[in-house]
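See structure below.
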2 protein chains.
Amino acid sequence: MTETRVPTPTLERLATYLRVLLDAREAGVQTLSSRDIERLSGISAAQFRKDLSYFGEFGKPGVGYSTQQLIECIERILRLDREQPMLLVGAGNLGAALVGYPNFRAHRFRIAAVFDNNFVKIGRPFGDLIIEDIARLKEVNAQIGAQIAIIAVPANAAQEVAEQLVDAGIRAILNFAPTSLKVPPWVYVRNVSFLQELAVLSYHLAQEPKHSRDGWTGELPSEPTRPASLAARVKETSDAI
Amino acid sequence: MTETRVPTPTLERLATYLRVLLDAREAGVQTLSSRDIERLSGISAAQFRKDLSYFGEFGKPGVGYSTQQLIECIERILRLDREQPMLLVGAGNLGAALVGYPNFRAHRFRIAAVFDNNFVKIGRPFGDLIIEDIARLKEVNAQIGAQIAIIAVPANAAQEVAEQLVDAGIRAILNFAPTSLKVPPWVYVRNVSFLQELAVLSYHLAQEPKHSRDGWTGELPSEPTRPASLAARVKETSDAI
DNA sequence: GGCATGTTGTGAAAAAATTCACAGATACCA
DNA sequence: TGGTATCTGTGAATTTTTTCACAACATGCC
Ligand SMILES: NC(=O)c1ccc[n+]([C@@H]2O[C@H](COP(=O)([O-])OP(=O)(O)OC[C@H]3O[C@@H](n4cnc5c(N)ncnc54)[C@H](O)[C@@H]3O)[C@@H](O)[C@H]2O)c1
Ligand SMILES: NC(=O)c1ccc[n+]([C@@H]2O[C@H](COP(=O)([O-])OP(=O)(O)OC[C@H]3O[C@@H](n4cnc5c(N)ncnc54)[C@H](O)[C@@H]3O)[C@@H](O)[C@H]2O)c1
């Protein structure tokens, strides 16, 4: 393991590799090569190997990677090897989808408490939880000890909520509100913006269709007509988990 | 306007600039400098100017940018200057949040139809819409003419749905399912993965807190102690819309 | 063992993205 | 009018990220 900082794109891809590996394990696959990963994830084999090289050596030349072993390594790197309680703020439409999202558990994330400031909602059930008063945030988290929080309140309330979260000891925030949060340097924030994603899609509609429909068979060419073309295309569809 | 391809990060930031500009217009601000944008968005002034330079010249030296004018330009670039119907597939938890999301309208996106394959759900109301049978996808979109679709079905159904969407004439897909879609080259896909975001947050919890708590006042220094520090920190919180 | 095949890990090269730094434009003021 | 302050747009420098390409290793087969 080197001393170099790990690029953020690498961290993002790690989560994708993990998804692919979990699927493979489910399917009973014991071993995968970097080219298998490329086929399954759309991320190039070289990229995969380089990404892993930031953390150590996990494969065997001539063989590939042990599915089980690599899963364990990536989970350790990403800190997914332990139960992680999270706080959710905002018991609205989006919050409802989030508390009902079963996939969190597969990575040992767990929404441990939900907060709102609407008196009508406080005390009501929300998924498996009871909606708590946002005023009790610090108090409740003293019990839970969550370090991660999700902000799902309207944009104009997000900054205030962020400050309360920081005060309650939160060190990482997933922000769904369309606003740029100002937080102290020890708090890490990631923003999710559906509108941003849609805007990028929209832009591409405006562009000349670089690719014609000719020759599309539904198959990805194993012997690409133009090597760069496959890489470029697949790249765009590759960073899900 | 040059012939260069526009970097994807630039497109993503454009949406953030637009949000900031809309807020400013709302507040009655007529003119903004690139440093104002930096303060409001967390994206550096130089980055902002460079980003715009891919599309032309929009500012006046010594003055800044006309809020109204720049909004119009960015909307045109991002193709947000017209009504855009979208198809939503998957009338589940996430779909419910999406149909109820009012902010889409601010950028002239509109969910024009919702599809599901669950007989119990088909025909029921869903937001302002009635859930349609996925089998009628092509037929319905012949009327609507949507080019953008949102996939909110379980991962194991996503590829099949993507193919149906392509067949129905969709050219851009926002995919919430945790899987890598294979689509023809003329279709542009963006993936949104909450788990990926959480994984990156989780990784950062594991890291040494580079920053100590000393000196944090809750105020962003207007006359930064160390200019680079502010930029670096704010950067992490900067790409919402 | 010797050889063919397949795969990793990684420096080096290339490409992409960001930041710098400054010429030149604009406004304002006395 | 000239002087000062402010701000844009952009080539160039720098930094970051991706891709290439190959030595070194593993396996299986004869
Ligand atoms: N609904 C979506 O699909 C969607 C998509 C992308 C982004 N978002 C964003 O997510 C956020 C939430 O969206 P939503 O659709 O769930 O909104 P919503 O109005 O349904 O829910 C917001 C909830 O936050 C609560 N709230 C408001 N101020 C609060 C405060 N200070 N403290 C605690 N709780 C507070 C409200 O009482 C409400 O229950 C918004 O910022 C929205 O822009 C939503
Ligand atoms: N709920 C969340 O907060 C959340 C967060 C991130 C990602 N996701 C992802 O979004 C997707 C949907 O999540 P959800 O929570 O809404 O799930 P859900 O089970 O509540 O809803 C899925 C819907 O898709 C429908 N469906 C299944 N197969 C279909 C098909 N072939 N054609 C048309 N419709 C079909 C189902 O009938 C159901 O109504 C999943 O892939 C999930 O992983 C959800």
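We name chains A, B, ... by the order of the sequence lines, and we start the count at 1 in each one.
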- Query: Does a donor on one side chain and an acceptor on the other come within less than 3.5 Å for A:Arg19 and B:Gln196?
  - Reply: no
- Message: So A:Ser34, base contact, sugar-phosphate only, or nothing? Heavy-atom distance under 4.0 Å.
- Response: sugar-phosphate
- Task: Identify which nucleotide among C:dG9, C:dT19, D:dT18 has an atom closest to any side-chain atom of A:Arg13, counting heavy atoms from C-beta outward.
- Result: D:dT18
- Message: If we ignore hydrogens and angles and just use 3.5 Å, is the side chain of A:Asn175 paired with the main-chain N or O of A:Thr179 as donor and acceptor?
- Response: yes
- Return the nearest nucleotide to the side chain of B:Ser33; candidates are C:dT8, C:dT19, D:dT8. D:dT8
- Query: So, is A:Gln47 near the phosphate of D:dT17, with a side-chain N or O under 4.0 Å from OP1 or OP2?
  - Reply: no
- Query: C:dA17, D:dA26, D:dT8: which one has an atom nearest the side-chain heavy atoms of B:Pro9?
  - Reply: C:dA17
- Which comes earlier along DNA chain D counting from the 5' end, the contact point of A:Pro61 or that of A:Asp51, where each point is its nearest nucleotide? A:Asp51
- Message: Can you identify which nucleotide, out of C:dT8, D:dG11, D:dT18, has its nearest atom closest to the A:Arg49 side chain?
- Response: C:dT8
- Message: Return whichever of B:Leu52 or A:Gly62 has its heavy-atom-nearest nucleotide of DNA chain D closer to the 5' end.
- Response: B:Leu52
- Under 4.0 Å between a side-chain N/O of B:Lys60 and OP1 or OP2 of C:dA27, yes or no? yes
- Message: With a 4.0 Å cutoff (strictly under), does any side-chain N or O of B:Ser44 reach OP1 or OP2 of C:dT19?
- Response: yes
- Query: Are side-chain heavy atoms of B:Phe55 and B:Val6 found at a separation under 4.5 Å?
  - Reply: yes
